[in-house]
Amino acid sequence: MKKTTLLSLLCTALLTACADAPLKQAETYLHEHKYDKAKQVLESLELSSEAPEDTQALLAQALFYTEGPLIAISKLQELHKQNPEQKTFLRIVQSLKKEFENLDQALRSVESSALETYLKTDPQDWFKERAQWALFMQQPETYANLATELANSKDPVIKQFADWQIARAKPENYASLIQAFPESSLKDAWQKAAIEQLWQSDKKQEAISQLVQWKDSLSEQNPLRAEVLLKQAEYTLENQPTAALNYYRTYLKQFPTHPAGREVIYKIREKLGDKLKSGEHIFLSQAADQRYMYQTAYGELSQVPAQDADGELERARLAMQAKYYPQARGHYQKLVSNYRGSTAAGLATVGMAKLERIAKQYDKALGQLHTVKEAYGSKPEVVADALWEEGIIYDLRNQDGKRARAYSQLLETDPKHEDAISALWYSVWYDYLQKDTTRMISQIEKYAPYYKEHPLKSRLNYWLARAYEQQEKHDKAIAIYTPLTQNPLMDYYTHRAKARLHILQKGGEDHYATVPYQGFTRDRIPDPGYTQAFEKAIAGDDFAFSELMQLYYLRQTAPFMELAESSDRPEVQTLHGTLLHQQGRYYEAVTRYRWLAEKDDAYLPAAFPLAFFDTYENEAKRYSMNPFLPAGLTWQESQYNPTIKSWVGATGLMQIMPATGQQIAKEMPIEGDYSLTDGKTNIKMGVWYLNSRHDVFDGNSMLAVASYNAGAGPVTRWLKDYGHLPYDALAESITYPETRGYVKRVFTSYWIYQALYGK
């Protein structure tokens with residue numbers, strides 16, 4: 001038995017030695033850059049059953065230089081799946097990564113000389129052609145000879161780029177380009193151009209036919225489908241208005257958040273208004289309502305007689321939203337007269353009480369509401385509506401206890417009412433101010449099943465945790481804070497939960513406001529190149545080397561943005577947003593991506609540009625202020641539109657009122673004429689004014705921000721009434737709803753800026 005084992009071990013050693021010899025020879029060839037010879041040895045060795053573990057990794061290196069990176073990557077993907085920590089695999093990856101780093105360094109330089117120098121290093125063909133393409137696109141006239149050479153490339157990506165360049169000059173070539181590369185990620189741009197070329201060439205029926213085929217190839221949720229529907233409507237608007245209307249209807253239904261929606265509604269009313277039937281008026285009203293176009297929504301619905309009580313009630317609701325109060329009263333009176341004793345009549349009576357409240361006839365409104373509750377006591381929806389309106393009146397009269405009682409009754413009456421969860425919040429907040437955390441916890445937990453999908457969910461859960469903290473039940477508080485910290489960063493309570501969790505676990509104080517400024521960095525904002533694509537591709541992400549992403553790596557900004565705008569991939573949309581930043585199109589980026597960022601943090605870099613930051617930093621340093629604070633305030637005030645003006649006249653980035661601007665100019669002082677629409681001037685004045693608010697309120701940033709919005713007088717009152725509360729409770733106690741929301745949004749923006757860019 002021992003002799004057999006010894007013999008077996010000896011044979012294994014001999015076989016390993018035999019295999020090691022060619023492996024060492026291959027490594028020598030690789031070291032000497034004799035890649036073809038190394039490849040030949042390694043491929044032969046790969047067929048052997050005794051091939052060493054390192055063979056595959058070394059073969060990938062040889063293939064990298066002989067057949068190109070993509071062949072090597074496919075081999076490295078297999079190795080990554082088997083053992084991503086294998087030493088030779090890691091060494092080879094690190095070695096090859098340097099090749100991509102050299103290419104990226106040349107591509108990121110704005111100087112053509114960097115690419116010229118890189119090409120003198122005689123890179124592998126795959127790298128060489130990409131550098132040549134970038135050089136040609138930088139200086140097409142100087143390097144026109146490269147265009148013909150690259151058009152004959154065997155690399156499918158470079159071939160596509162070259163053929164696309166030709167098709168731009170000869171649009172009739174787009175059709176053949178689509179046929180040649182049917183799976184390309186660039187195909188949608190070609191398809192759009194090909195259809196437009198047909199239309200311009202008066203081949204209208206063929207253009208429409210191709211639009212239909214293109215739409216059918218797209219998924220229901222693909223953003224490009226919206227563009228196709230709009231194009232179909234455009235092409236048929238003149239001669240086939242009914243078809244155009246159907247396309248617009250489909251678009252409005254399938255893409256409720258698409259930016260062109262409001263414009264489409266206006267276009268339908270202007271171009272097709274005389275062709276709309278009852279159903280279209282109702283649909284258009286619903287589409288306008290969905291987009292907060294209440295006057296339009298009411299106008300469209302008014303074109304159709306109300307068929308029943310629900311229809312009359314909907315007209316009243318829209319009239320109230322549009323602030324058409326006389327019309328709303330008329331609808332309410334019809335309901336009371338024509339549908340006596342019904343739920344709709346009860347809701348209409350509450351609506352008339354609301355009109356009295358708007359007219360500041362509070363006693364009259366309360367009397368009407370008391371009558372409604374008695375008359376419709378068997379109808380929970382009506383009673384709950386009346387209680388909600390009562391609470392608003394008590395709030396206006398600063399009768400917080402009565403409001404809390406009304407809202408507690410509302411919850412008991414109809415916990416599914418549309419305002420029930422808002423009522424829950426006001427009720428439990430009163431409990432907090434009364435230091436009744438036991439009732440507060442009981443109420444929140446009792447109605448938790450009703451707010452699972454409600455926008456107030458994170459607020460209620462945060463204060464449930466705070467109530468447990470006050471009862472020193474820290475484990476329960478931590479169990480609530482922990483999932484809250486995973487919510488999107490656009491949620492104010494995500495940041496608050498993180499702060500409280502840190503305090504409970506590591507100690508310290510809750511300063512709420514700003515932290516000392518330590519500088520900024522742009523390193524966290526994505527700027528991917530071939531190096532990152534190489535790493536991601538090895539891990540299995542094939543999209544990293546898609547034609548679309550290579551447009552970005554090669555700094556082909558215009559075509560990349562054309563395609564990225566309609567992409568459904570967050571990483572592509574984020575890059576689109578950061579390119580908008582680079583072009584100074586900050587407002588466009590913020591307004592496009594802020595809604596996406598509310599659900600997914602991946603969009604934050606697109607939604608929060610580091611705009612005008614040199615000015616913010618320089619001005620903030622004068623006052624020892626963290627520049628991310630005025631940056632966050634600007635994000636809320638103007639979304640970085642330097643020329644924006646509010647309906648009351650507030651102007652520019654930091655929304656300075658002209659009269660306030662005059663006072664600031666005197667006190668700073670600013671010599672001579674100035675313009676509030678000049679970005680730097682507006683920031684200088686806005687930061688100065690924000691600092692003056694800090695001076696008034698002893699350096700308290702939260703109160704300073706509140707004062708920036710509401711003025712010093714109200715803030716002084718809030719400080720007197722609620723200054724004894726912790727910072728987060730003080731922010732919650734601001735009695736102006738606009739200012740309360742403003743403070744939360746400004747600080748959320750500040751915290752996001754700190755997280756994205758702060759050191």
Side-chain angles (χ1 to χ4, degrees), residues 4-104 121-130 153-159 183 530-547 549-550 553:
T4 304
T5 303
L6 185 60
L7 182 61
S8 175
L9 290 172
L10 182 59
C11 289
T12 300
L14 288 171
L15 289 170
T16 302
C18 290
D20 280 348
L23 189 68
K24 289 180 180 178
Q25 181 63 63
E27 288 192 272
T28 300
Y29 285 145
L30 288 170
H31 184 72
E32 295 173 349
H33 307 300
K34 297 176 180 178
Y35 301 114
D36 284 317
K37 289 186 176 182
K39 174 190 166 188
Q40 186 177 359
V41 172
L42 290 164
E43 285 181 334
S44 297
L45 189 57
E46 186 182 31
L47 297 174
S48 169
S49 59
E50 290 82 22
E53 188 180 31
D54 297 342
T55 304
Q56 296 285 342
L58 293 170
L59 179 57
Q61 184 179 16
L63 289 170
F64 186 93
Y65 292 104
T66 56
E67 297 186 31
L70 300 186
I71 300 295
I73 286 171
S74 65
K75 181 74 68 177
L76 292 169
Q77 282 178 338
E78 296 174 14
L79 295 173
H80 183 272
K81 290 177 183 177
Q82 295 168 14
N83 183 6
E85 301 301 322
Q86 204 268 339
K87 289 184 179 180
T88 304
F89 166 78
L90 291 174
R91 176 170 60 83
I92 297 303
V93 167
Q94 195 61 33
S95 172
L96 300 181
K97 184 178 171 182
K98 291 180 181 178
E99 298 285 357
F100 288 104
E101 289 173 345
N102 292 336
L103 176 61
D104 281 334
T121 65
D122 193 25
Q124 193 266 356
D125 287 346
W126 192 92
F127 292 84
K128 176 183 177 182
E129 288 191 340
R130 277 152 181 76
S153 173
K154 293 181 180 179
D155 186 305
V157 174
I158 296 299
K159 175 68 173 168
E183 302 301 320
Y530 280 110
T531 307
Q532 187 190 63
F534 174 59
E535 294 174 323
K536 293 176 75 172
I538 290 170
D541 182 359
D542 293 331
F543 185 75
F545 271 102
S546 65
E547 299 92 347
M549 291 305 297
Q550 290 197 55
Y553 309 149

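Side-chain contact between P84 and I538 is absent, with no heavy atoms from C-beta onward closer than 4.5 Å. Put simply, the side chain of F534 reaches to within 4.5 Å of the side chain of V93, judged on heavy atoms.
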Derivation and outcome, side-chain contact (heavy atoms from CB on, under 4.5 Å), residues V157 and F545
CA-CA 10 Å; V157 174; F545 271 102; over 6 Å; no
Please report the C-alpha distance between T121 and N102 in whole Å, then the side-chain angles of each, then the deciding distance to 0.1 Å, and finally whether the side-chain contact (heavy atoms from CB on, under 4.5 Å) criterion is met.
CA-CA 10 Å; T121 65; N102 292 336; over 6 Å; no
Applying side-chain contact (heavy atoms from CB on, under 4.5 Å) to K159 and K154, what does each step give before you reach the verdict?
CA-CA 7 Å; K159 175 68 173 168; K154 293 181 180 179; over 6 Å; no
Check step by step if side-chain contact (heavy atoms from CB on, under 4.5 Å) holds for Q550 and Y553.
CA-CA 5 Å; Q550 290 197 55; Y553 309 149; 4.1 Å; yes
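Atoms NZ and CD, on K81 and E78 in that order, are 7.5 Å from each other to the nearest 0.5 Å. The CG atom of D125 sits 11.5 Å away from atom CD1 of I158, with the distance rounded to the nearest 0.5 Å. Annotation: the span from L63 atom CG to I73 atom CD1 amounts to 11.5 Å, rounded to 0.5 Å. With values rounded to the nearest 0.5 angstrom, Q86 atom CD is found 9.5 Å from I92 atom CD1. From L58, atom CG reaches atom CZ of R91 across 6.0 Å, with rounding to the nearest 0.5 Å. For the atom pair CG (L42) and CG (L47), the distance works out to 11.0 Å, reported to the nearest 0.5 Å.
Looking at every heavy atom in both residues, S95 comes nearest to Q61 through OG-NE2, 3.9 Å. Heavy atoms only, all atoms of each residue included: A57 and T88 are closest at CB-CG2, 3.9 Å. Shortest non-hydrogen contact noted between A544 and A537 is CB-N, 4.5 Å. Among all heavy-atom pairs drawn from Y530 and L103, the shortest one is CD1-CD2, 3.6 Å. When every heavy atom of V41 is checked against every heavy atom of P22, the shortest pair comes out as CG1-O, 3.4 Å. The nearest pair of heavy atoms linking A72 to A60 is CB-O, 3.3 Å.
Residue E53 places its CD atom among 12 or fewer non-hydrogen atoms of other residues, nucleotides or ligands, all under 6.0 Å distant. Counting heavy-atom neighbours within 6.0 Å of E32 CD, excluding the residue itself, gives a total above 12. For E27, the CD atom counts as densely surrounded, since its 6.0 Å shell holds more than 12 non-hydrogen atoms of other residues, nucleotides or ligands.
A distance-only check finds a donor-acceptor pair linking the side chain of T531 to the backbone of E101 [under 3.5 Å]. At least one donor-acceptor pair closer than 3.5 Å links the side chain of T28 to the backbone N or O of K24. For S44 (side chain) and Q40 (main-chain N/O), a donor-acceptor pair under 3.5 Å exists by modelled atom type.
For an aromatic pair to be called close, the ring centres must be under 6.0 Å apart, and F127 with F64 satisfies this.
Judged by distance alone, the side chains of H33 and Y35 do bring a donor and an acceptor atom under 3.5 Å apart. Side-chain contact, D541 with Q532: no donor N or O sits under 3.5 Å from an acceptor N or O.
Salt-bridge annotation for E67 and K75: absent, with no side-chain N of the basic residue lying under 4.0 Å from a carboxylate O of the acidic one.
Of the residues K39, Q124, E99, the one that meets the side chain to side chain donor-acceptor pair (under 3.5 Å) test with Y65 is E99.
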